[in-house]
Each structure stands twice: as C-alpha cells, then as structure tokens.
Amino acid sequence: MAAVLDLPMSVVRPRARRVAGVPVALVGIALAYLTLFLFLPLFAVFFEALRKGWGVYAAAVADADAWAAIRLTLLAAAIAVPANLVFGVAAAWAIAKFDFPGKSVLITLIDLPFSVSPVVSGLIYVLVFGLQGWFGPALADHGVKVIFAVPGIVLATIFVTFPFIARELIPLMQAQGREEEEAAVLLGANAWHLLWRVTLPNVKWGLLYGVILCNARAMGEFGAVSVVSGHVRGLTNTLPLHIEILYNEYQFAGAFACASLLAILALVTLVLKTWVESRVARETVI
Amino acid sequence: MIFARRSHSVLPGFNVALGITLLYLSLIVLIPLSAALFKTFTLTWDAFVAHVTAPRVLASLRLSFGAALIAAAINAVFGLLVAWVLVRYPFPGRRVVDALVDLPFALPTAVAGIALTAIYAPNGWLGKPLLESFDLKVAFTPLGILVALTFIGLPFVVRTVQPVLEDLERELEEAAQSLGASHAQTFARVILPTLAPALLTGFALAFARAVGEYGSVIFIAGNMPMVSEIAPLMIITKLEQYDYAGATSVAVVMLAASFALLLAINLLQWWSRRYAESDA
C-alpha cells in the first residue's frame, strides 16, 4: 500500500479506479461458492441436530449405543495415532538424516494410502484376514476374529491415517539438515538424547500438526471402517457408522446430534491447526 | 557413492529407523495391497474382464470417474478464485474463511454426506426452491454426487495455489500493466502460466480424492443401479453378496487408476518445483 503512494499518481490512479468494483465482485462470488459448499452444510449439522430441542439432542448423545460408538472411535484413534507417530518419526529419521538408494520410492510408497479409495482400503484387509482370506481360517481356528471385529477397525483406521505424520515430518526434518544432530553426537550425545533433546524439539510443531490431522481423520473415517466393521450395534460401530444407522432408520435428529459431535471435533481441529500454523509463522519470523 | 555416504554418517539409528519403517510399511500397506493383486491373479483374464465390463460395473466406473472429473474442474475454477481472493483482497473475516477452507479435510465424510443431503433433498433448504423454480432435482441424482465430490475436493486447489500466489512477484504484473497489458492480458499471460503447475497439481489431487470417495456420496446419491451408483459402492455391494472376486476386480481397476494418478501428481510436483527453481 505504501509503495503505491510513492508511484506517480497519474499512472496508478485511473486503472485502480476503473477496476474498483472487481475485487468486491470476486470476493462476493468466492464467498457465495464457499457458503453454498462449506458454511451451509456446517450450519445445517447444528441446525438439524437441535431442531427437535435440547431434550432430543441430549437423549441421542447419551444413548448407550452412541456411547459404545464414541468409546470405540476413541479407542481406534488412541491406537492408530501413536502407532503412526512412532512410524512417522522413524521414517522421517531414516529418510531425512541418511542417504540410501530407493529413498524416493519409499517416500512414494508412504504416500500410497492417501490415494487409495477408503472402500478399497477396507477390502484389502478383508482379503487378508477375512474368512475367505489368507490368514482368516488359521486365525479363526485360534478363536481370533479380525474382520467384523475391533482389530479390523483399528487396522483400517491405521491404514487410512498412515501417511499423515510421516509426510509432515519428512520435509521438515530434511529442511533442518543434519548439522545439529552431528554436533550433538560429536559432543557425546547418545541416540536417545539426540531424539529427545535435539530432533523432536526442532520439529515439535510439525509433529503436533501431523497428530492433529491424523486424529481428525482417525475419528472420522467412514468408508474403510464400514467395510470391516460388520455394523454390530454397541460392539463394532464407530461414531460415523452409528450416524449412518440412525440416518437410515430415519432418526434424523439423533443422527445429526451425533454428527454435531464430530463437527465440533472438526472445528476444534481447525482451530488447533490454525494456532499451530500461527506459532510456526511467528517462530520463522524470529 | 550413495553407500559410502551412509557408512560415513556419524548419526546413530539408521538401521533401527529404516527397519521399523520397512516392517510397518510392509505389514500395514504393502502386504494387504498385494493381497488384492494376488486375489485377481487367481482369476483368468477372461473372468476379470467379464467382471469389470459388466454393464452395471462399467456404469459405476464411468460415473465415479466422470463426476470426479467435473467436480475437480469446478474446484479448479472456484478454488483459484478463492485462493486469489484470500491472498489479494483483505476483507473482514478473511482469517476465519481461510481456516474454514480446510473443513472438508477435517469434517468426517459421513457428516458431510448427511448435511449436504439435508440441504439439497427435495424438501431441503436449497433442494426445495431448486425443485420448485427450476424443476431441478439435486439429491438422489448424479447431480447430488457432483455436489458431494465438489465439497470434498474444495481445499485441494486452494491449498496448492495459495502459496504460489503469495510468492508471486507483484513487480511482474506492474511491469506488464505499465507496458500496456490489460488486466485480462496480465492474468492470462503473466499470472496463469506461473500458477499452472500448482493448479494442475490441485486439480489432480481433487480428482484422485473424488474418484475413491464413498462416505459423503452414498447419502446424497440415491444409489440407483446404472444411474447413481458409484464404483466404491459397487465394491461394497459385491462384498455383501460374498462376490469377493468381483469386488476385487473393481478394486484393482480403481487401484490402477490411483497409482497412475499418484505418478502423475509426483511428476506434476517435480515439474512445479523445477518451475519455481528456474524462476528464482
């Protein structure tokens, strides 16, 4: 803005005046598009959830099956996120701090689950652990049930959230180079000190960012989990699957009440994400 | 040289880290994915072709790929506009809007599905006026699928174009305009070529996501065979009928498409990096 004032007025002014209406129109179109596809659906979730009043809302959320679904959703995320966190740190350490052949292939393979359809993600576990699958009959002989049971749900959740933390950490740790770690080793640090005192503090915001996104997807996954769940109420229903059942039974208020919980999770995720981004921006400025 | 460099590194933990990475990658991703391929190899080629070219399957694949393509195109146009507006015009509430653009990443697909259906159903907020005024049925038709796929693909183009637009040197535009270019010429000849790699990457990412999308679509689609049945639903339908071979055949076609798209996206990103470097 200040730069504009320094320019000769005769050059800048007429053009600026001629297009004065364009920004307003563009902002208007962009906001209309976002309203149609983003804001309205978000608003609809809460509106429909409360349409029949707080009583119906509270009853739907306090329902025993809803609680079982919430517990299973939390359990799946509580296993999937730490598992992918350990993997993400290990993968980023190997890829960012060392050179080895096949590295770019490895990075592509890590990204793979993002481009696989959620339904296909569920199907491949059915082919491995289902009764028709590779290990299904052997596992069934030992009384272990993976598909249509909790282990399958956890595995499918791990698959769809697999790349989140690794792909956040790899470019970050590559950009930070190896000098700090190498200096620490020369000063006598062991691997454990290196990880906890040097590497992880350096990437803590990227790590947190990855964990937030990984958690949101883990709790909200629908397609992959739907294939392996078997939809047993109170046992193998996650919250998104519980919403589907309520919706298909025309219990719209209940479905939207449960959906509003996940919508709140999404909003909290966005707030945390924006906060982390602003922290990163501030630290890079310093 | 590559090996020499590794053995000279003073940093510890390479074997452990790579070991964990490869083991976990194999167990979670590679072995299960190869199960789908092996399952297909137990079929004869003719049987595979018969599964994949059945009219109902073909219709579902055509719908999934066609609708994903149109949705990605819509998002390319409007995503570019949203990115432009967010970078160039300070308006009240811009930061909130900027944060909310990522909503389709954060909102579970089932929630998006029922919310969009509530809005666009024949008795919904927008569905009702659209039906009464324009005789246009959105939910429970292929048009509804398009709405859902547009929703879930919305952030991709915005988020790939936005950083490039932020780094764009205003001097270039000012130079073009002081040399007599109109706003339209400046946009088409100066801005758009610089954005092209990012725009295409965003388009490909949105397309790849939309092709495989399931959760947000099935509520709004109506799921009529031959009309509004998407390919992922076809897989589920076949699974529910214990037709594992049929389900896997459709899945392998979709996997092949995913791999091709992943390759294309990697090439695009490599191209845009080179583009950015040659610029600098």
Side-chain angles (χ1 to χ4, degrees), chain A residues 15 19 23 26-27 29-30 33-34 37-38 40-42 44-45 48 87 90-91 93-94 97-101 108-110 112-113 115-120 123-125 127-128 132 134 158-159 162 178 181-182 185 191 216 220 222-223 227 240 243-244 247 255 259 262-263 266 269-270 274, chain B residues 2 5-6 9-14 17-18 20-21 24-25 28-29 32-33 35-36 39 78 81-82 84-85 89 91 97 99-100 102-103 106-112 114-116 118-119 150-151 154 177 183 208 212 214-215 219 232 235-236 239 244 247-248 251 254-255 258 261-262 266:
Chain A
R15 203 174 284 283
V19 296
L26 289 180
V27 172
I29 298 170
Y33 171 70
L34 292 176
F37 285 103
L38 279 190
L40 211 53
L42 184 63
V45 173
E48 295 287 335
F87 160 74
W93 180 259
K97 307 293 178 186
F98 299 91
D99 291 311
F100 56 93
T108 308
L109 287 177
I110 289 173
L112 204 56
S115 50
V116 174
S117 168
V119 169
V120 177
L123 170 73
I124 59 176
Y125 284 102
L127 293 176
V128 174
Q132 310 269 324
W134 285 350
I158 290 179
F159 182 93
F162 184 88
R178 305 163 189 183
E181 280 87 357
E182 282 166 356
V185 168
F222 178 76
V227 174
I243 293 170
E244 184 196 19
Y247 190 85
L262 288 172
T269 300
L270 290 184
T274 312
Chain B
I2 295 167
R5 182 72 195 272
R6 189 186 75 195
S9 178
V10 296
L11 299 182
F14 175 72
L18 192 65
I20 293 176
T21 305
Y24 192 70
L25 181 71
I28 298 292
V29 180
L33 272 179
K39 181 79 187 171
F78 286 96
L81 176 67
V82 171
W84 177 266
V85 162
Y89 307 129
F91 57 90
V97 172
L100 275 175
D102 282 329
L103 184 71
L107 194 69
T109 51
V111 178
I114 62 172
L116 288 169
I119 294 169
T150 307
F151 170 84
L154 194 143
Q177 297 200 345
H183 279 278
Y214 174 71
F219 295 101
I235 296 176
I236 293 214
L239 267 181
Y244 289 88
T248 313
M254 300 201 67
L255 273 177
S258 318
L261 276 167
L262 189 64
N266 276 336

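All figures in this text were calculated on a predicted structure; none of them were measured in a lab. Lettering of chains follows the sequences in order, A, B, ..., and the numbering in each one begins at 1.
Closest non-hydrogen pair, L11(B) versus E182(A), comes out as CD2-N, 3.6 Å. What you find for A90(A) and A17(B) is that their closest heavy atoms are O-CB, 3.4 Å. Here the closest heavy-atom approach between residue A115(B) and residue A44(A) is recorded as O-CB, 4.3 Å. Among all heavy-atom pairs drawn from Y214(B) and V119(A), the shortest one is CG-CG2, 3.5 Å. In plain terms, the two heavy atoms of V29(B) and F159(A) that are nearest each other are CA-CE1, 3.9 Å.
Contact of Y89(B) with chain A is made through the side chain alone, with heavy-atom distances under 4.5 Å. Contacts between L109(A) and chain B at a heavy-atom distance below 4.5 Å involve backbone atoms as well as side-chain atoms. In this structure, chain B has heavy atoms under 4.5 Å from both the backbone and the side chain of P118(A). Contact of L262(B) with chain A is made through the side chain alone, with heavy-atom distances under 4.5 Å. Looking at I119(B), the atoms closer than 4.5 Å to chain A (heavy atoms on both sides) all sit in the side chain, from C-beta outward. Looking at A112(B), there are no atoms closer than 4.5 Å to chain A (heavy atoms on both sides), in backbone or side chain. At a 4.5 Å heavy-atom cutoff, the contact between L34(A) and chain B is made by side-chain atoms alone. Residue contact with chain A, scored on non-hydrogen atoms closer than 4.5 Å, involves the side chain of F91(B) exclusively. For E244(A), the parts lying under 4.5 angstrom from a heavy atom of chain B are both the backbone and the side chain.
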**Verdict with reasoning, L81(B) to Y33(A), per side-chain contact (heavy atoms from CB on, under 4.5 Å)** = CA-CA 10 Å; L81(B) 176 67; Y33(A) 171 70; over 6 Å; no

**Message:** Under the criterion side-chain contact (heavy atoms from CB on, under 4.5 Å), I'd like the reasoning laid out for L38(A) against V97(B): C-alpha separation, chi angles, the key distance, then a yes or no.
**Reply:** CA-CA 10 Å; L38(A) 279 190; V97(B) 172; over 6 Å; no

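Note on ring orientation: taking the six-membered ring where Trp is involved, the planes of F222(A) and F219(B) are tilted (angle from 30° to 60°).
Chosen from P32(B), A99(B), P232(B), P12(B), the residue pairing most often with chain A at heavy-atom distances under 4.5 Å is P32(B). For the set G215(B), A35(B), A110(B), the count of heavy-atom pairs under 4.5 angstrom toward chain A peaks at A35(B). For the set V120(A), T274(A), V185(A), L270(A), the count of heavy-atom pairs under 4.5 angstrom toward chain B peaks at L270(A). The candidate from L261(B), N266(B), L116(B), T248(B) with the greatest count of non-hydrogen atom pairs under 4.5 Å with chain A is T248(B). Chain B forms the most heavy-atom pairs under 4.5 Å with one residue out of L42(A), T269(A), L26(A), and that residue is L26(A). Top candidate by heavy-atom pairs under 4.5 Å with chain A, chosen from I235(B), T109(B), L25(B), I236(B), is L25(B).
F37(A) contributes atom CZ, which lies 4.5 Å from atom OG1 of T150(B) (distance to the nearest 0.5 angstrom). A distance of 9.5 Å separates CG in L123(A) from NZ in K39(B), rounded to the nearest 0.5 Å. In this structure, the separation between CG on L112(A) and CG on L255(B) is 8.0 Å, given to the nearest 0.5 Å. With values rounded to the nearest 0.5 angstrom, I29(A) atom CD1 is found 14.0 Å from W84(B) atom CH2.
The backbone N or O of V116(A) lies less than 3.5 Å from no partner atom in the side chain of S258(B), so there is not a single donor-acceptor pair.
For an aromatic pair to be called close, the ring centres must be under 6.0 Å apart, and F100(A) with F14(B) satisfies this.
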